[in-house]
Amino acid sequence: ETPTWDLAWADVRNALEDSGVPAGRASLIEKVYEEKLPALRRLLGRTRFSLPQLVGVQWRLDYVVKTKHADHVNEPFFLLRYPTP
């Protein structure tokens, strides 16, 4: 993900440290990463990822304060209507 988001190596190092990666191994990862970064960016430039799209979906958000069964609900309630062929 780092080439995609163009993260600074300091941010990556902090994430590795937080994950418990030893400093020596993080240095090795940094060296290999910097060597391979141009090739990674070229590859990612040719690769596209997109999430599927839902077209025609109707939705509504209600906020339920209480019901006949409970006086204090206080929760969001989503209603979705999907198109049928």
Heavy-atom pair of closest approach, residues Ala26 and Val21
N-CG1, 4.0 Å
Gap between atom NZ of Lys36 and atom NZ of Lys31 - 0.5 Å precision:
11.0 Å
Taking a hydrophobic cluster as the set of Ile, Leu, Val, Met, Phe, Trp and Tyr residues connected by side-chain heavy atoms closer than 4.5 Å, whether directly or through intermediates, do Val73 and Leu79 fall within one such cluster?
yes
Can you name the side chain to side chain donor-acceptor pair (under 3.5 Å) partners of Glu30, sequence neighbours left out?
Trp9
Applying a strict under-4.5 Å side-chain criterion to I, L, V, M, F, W and Y, I'd like to know whether Leu37 and Ile29 cluster together.
yes
Anything under 3.5 Å between a donor and an acceptor, one on a side chain of residues 56-69, the other on a protein residue two or more places apart or in another chain? List them.
unit_1 : atom_1 : unit_2 : atom_2 : d
Arg60  : NE     : Asp62  : OD1    : 3.2
Arg60  : NE     : Asp62  : OD2    : 3.2
Arg60  : NH2    : Asp62  : OD2    : 2.9
Tyr63  : OH     : Asn74  : O      : 3.3
Thr67  : OG1    : His69  : N      : 3.1
Thr67  : OG1    : Ala70  : N      : 3.0

